[in-house]
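Single-structure report; data block below.
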Amino acid sequence: MNFTMTRAAARFMRMMIMADGGPTAGFRMHVTPGGCSGLNADIAVLPEPQPGDSVVEKDGVKLFLPAESRLLLDGVTIDFTDTAAKTGLVFQDPKATTCSSHAH
């Protein structure tokens, strides 16, 4: 899997799994195109992967990734932000075109 997770993102995922999951649980990310950042993700802590999910161990986090997510995450950096405007995972996709401030 060719994507990167920052330490903050990995820590957030591990904390979610510890809070909500059992020993077999993983962090499921269903990633879809959309938004100015290029990617949206539905995230959930699940006791086991869904049919068709790949289980990817990364930075001590067990990830459950559907096929579409694996394609979309290619080359992406997953970060975690905790600001007044947004708390959650942020996907930095070098392939994505960001919304410009000139758009009407």
Side-chain angles (χ1 to χ4, degrees):
M1 285 295 300
N2 181 28
F3 66 92
T4 307
M5 290 194 317
T6 65
R7 281 171 50 194
R11 187 166 62 237
F12 167 73
M13 292 180 199
R14 282 197 300 268
M15 283 171 53
M16 292 265 297
I17 294 169
M18 283 194 310
D20 297 340
T24 61
F27 193 89
R28 186 170 200 263
M29 266 193 298
H30 179 246
V31 182
T32 52
C36 293
S37 60
L39 296 174
N40 292 319
D42 288 321
I43 60 175
V45 174
L46 297 179
E48 55 197 26
Q50 301 290 297
D53 287 359
S54 279
V55 180
V56 177
E57 294 265 358
K58 199 162 184 85
D59 302 331
V61 179
K62 188 190 291 183
L63 295 164
F64 301 156
L65 299 173
E68 184 184 21
S69 300
R70 298 195 299 274
L71 288 172
L72 289 170
L73 287 172
D74 184 56
V76 169
T77 297
I78 303 170
D79 198 3
F80 175 73
T81 185
D82 190 357
T83 64
K86 177 178 166 69
T87 297
L89 296 174
V90 181
F91 298 89
Q92 296 162 354
D93 184 356
K95 302 183 297 295
T97 54
T98 54
C99 298
S100 74
S101 55
H102 303 295
H104 294 296

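Index from 1, following the sequence.
By the ring pair (Phe, Tyr, Trp, His ring centres under 6.0 Å) test, Phe27 pairs with no residue at all, sequence neighbours left out. Applying the ring pair (Phe, Tyr, Trp, His ring centres under 6.0 Å) test to Phe64 and every residue at least two apart in sequence or in another chain returns nothing.
Within the 4.5 Å cutoff, the side chain of Phe12 has heavy atoms near those of the Ile43 side chain. The closest side-chain heavy-atom distance from Val61 to Met5 is below 4.5 Å.
Of the possible donor and acceptor atoms, one in the side chain of Ser69 sits under 3.5 Å from a partner among the backbone N and O of Met29. Proximity of a side-chain donor or acceptor of Thr24 to a complementary backbone N or O of Glu48 within less than 3.5 Å is not detected. Of the possible donor and acceptor atoms, none in the side chain of Lys58 sits under 3.5 Å from a partner among the backbone N and O of Thr4.
A distance of 6.0 Å separates CZ in Phe91 from CG in Leu73, rounded to the nearest 0.5 Å. Going from atom CG of Leu39 over to atom CG of Leu72 covers 5.5 Å, rounded to the nearest 0.5 Å. Summarising the geometry, atom CD belonging to Gln50 is positioned 12.5 Å from atom CG belonging to Leu65; distances are rounded to the nearest 0.5 Å. Rounded to the nearest 0.5 Å, atoms OG1 (Thr32) and CG (Asn40) are 4.5 Å apart.
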Query raised in the report: Does the pair Met13 and Leu89 meet the rule for a side-chain contact (heavy atoms from CB on, under 4.5 Å), with working shown?
Result: CA-CA 9 Å; Met13 292 180 199; Leu89 296 174; 3.9 Å; yes

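The side-chain hydrogen bond (donor to acceptor under 3.5 Å, both in side chains) with Thr6 is formed by just one residue from the set Thr77, Thr81, Asp79, Asp59; it is Asp79.
When all heavy atoms of Pro33 and Glu68 are compared, the pair lying nearest together is CD-OE2, 3.8 Å. Closest heavy-atom contact between Ile17 and Ala25: CG2-O, 4.0 Å. Of all non-hydrogen atoms in Ile78 and Ala9, the two that sit nearest each other are O-CB, 3.4 Å. Summarising the geometry of Gly75 relative to Pro94, their closest heavy-atom pair is O-CD, 3.4 Å, with the distance given to 0.1 Å.
Each salt bridge (Lys or Arg N to Asp or Glu O under 4.0 Å) pair with one or both residues in residues 3-32, not counting sequence neighbours, appears once here: Arg28-Asp53.
Hydrophobic clustering (ILVMFWY, side-chain heavy atoms < 4.5 Å, transitive): Met16 and Leu63 are in one cluster.
Thr87 and Asp82 share a donor-acceptor pair across their side chains, judged by distance under 3.5 Å alone.
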